[in-house]
J.: 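Got a structure for you, written out below as structure tokens; questions coming shortly.
Just so it is clear, the model here is predicted, and its values are computed rather than measured. Chain A is the first sequence line, chain B the second, and so forth, proteins listed ahead of strands; every chain is numbered from 1. Only this structure's heavy atoms are used, side chains among them; waters, hydrogens and symmetry mates stay out.
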Amino acid sequence: MSLRFWLLKCEPEAYSIADLERDGKTGWEGVRNYQARNLIRDGMQVGDGVLFYASNARPSGVAGLARIVAPAYPDATAWAPGHAYADPGSTPASPVWYAIAVGFVERFADVVSLETLKATPGLEAMMVTRKGSRLSVQPVSPAEYAIVVRLGRGRR
DNA sequence: GCCAACGTTGGC
DNA sequence: GCCAACGTTGGC
């Protein structure tokens, strides 16, 4: 199966591309939206490319690249007592929520801002450029991924 | 901090 | 199953 591409959103205050660079890889946990869950559990494969998107940032935008480094696994934070993302509906025997392991690839010298994404031909259909798109896990086409990588590396 | 857009919840 | 109320997201 050929590689797929994704956009993952996170607020830098919670976890930034610099944190991922430091850690090398991280568990992308705490997703509590069914559409996003389905993409993680059913769509992501090891080796897939990830646009690391910083939301609620100045500016918001794609801060770098990552890669899926392990298959999806049940999100144990759902049944961790007192955890901020605890969900009594999800149990080890019957997990509802899934997480994915993401590895650092590259940090862009400059964030490719949402404003730039919106203004770049070829990205009109990209979910993140559409008004009101709140999904924290989004599919990205190979062509869109290539365009954003080019923007991030400063070549036009 | 504001608030529009969206997803979820729950009464009926 | 409808839909109003509510909570959250996220750009600005």
J.: Scan side-chain atoms only and decide if A/D75 and A/Y85 contain a donor-acceptor pair under the 3.5 Å cut-off.
T.: no
J.: Please determine if a side-chain N or O atom of A/S60 lies less than 4.0 Å away from the OP1 or OP2 oxygen of C/dG11.
T.: yes
J.: Is A/Y53 near enough to C/dG11 that one of its side-chain N or O atoms lies under 4.0 angstrom from OP1 or OP2?
T.: yes
J.: Is A/K9 close enough to C/dT9 that one of its side-chain N or O atoms is under 4.0 Å from OP1 or OP2 there?
T.: no
J.: Within this structure, what is the CG-to-P distance between A/L135 and B/dA5, rounded to whole angstrom?
T.: 18 Å
J.: Could you check how far CZ of A/R58 sits from P of B/dG1, rounded to whole Å?
T.: 13 Å
J.: Would you check if A/Y145 and A/L7 make a side-chain contact, meaning some heavy-atom pair closer than 4.5 Å?
T.: no
J.: Rounded to whole angstrom units, what separation is found between the CZ atom of A/R32 and the P atom of B/dG7?
T.: 18 Å
J.: Of the options B/dG7, B/dA5, C/dG11, whose atoms approach the side-chain atoms of A/N33 most closely?
T.: B/dG7
J.: A/Y34 side chain: which of B/dT8, C/dG11, B/dC6 is closest?
T.: B/dT8
J.: Measuring from the side chain of A/S55 (C-beta onward, heavy atoms only), which nucleotide among C/dG10, B/dA5, C/dC12 has the closest atom?
T.: C/dG10
J.: Looking only at side chains, do A/R32 and A/T77 share a donor and an acceptor under 3.5 Å apart?
T.: yes
J.: What is the distance, rounded to the nearest whole Å, between atom CG of A/L7 and atom C1' of C/dG10?
T.: 13 Å
J.: Within this structure, what is the CG-to-P distance between A/N56 and B/dG1, rounded to whole angstrom?
T.: 13 Å
J.: Please pick, from B/dA5, C/dG11, B/dT8, the nucleotide with the shortest atom-to-atom distance to any side-chain atom of A/K118.
T.: C/dG11
J.: Quick one: A/K131 NZ to C/dT9 C1', roughly how many Å, whole number?
T.: 15 Å
J.: Specify the separation, in whole Å, of atom CG of A/D87 and atom P of B/dT8.
T.: 12 Å
J.: Atom CD of A/E144 and atom CD of A/Q138: how far apart are they, to the nearest 0.5 Å?
T.: 10.0 Å
J.: Taking the inter-plane angle between the rings of A/Y15 and A/W28 on a 0 to 90° scale, is it parallel (under 30°), tilted (30 to 60°) or perpendicular (over 60°)?
T.: perpendicular
J.: Give the rounded distance in Å between these two atoms: CD of A/Q35 and P of C/dT9.
T.: 15 Å
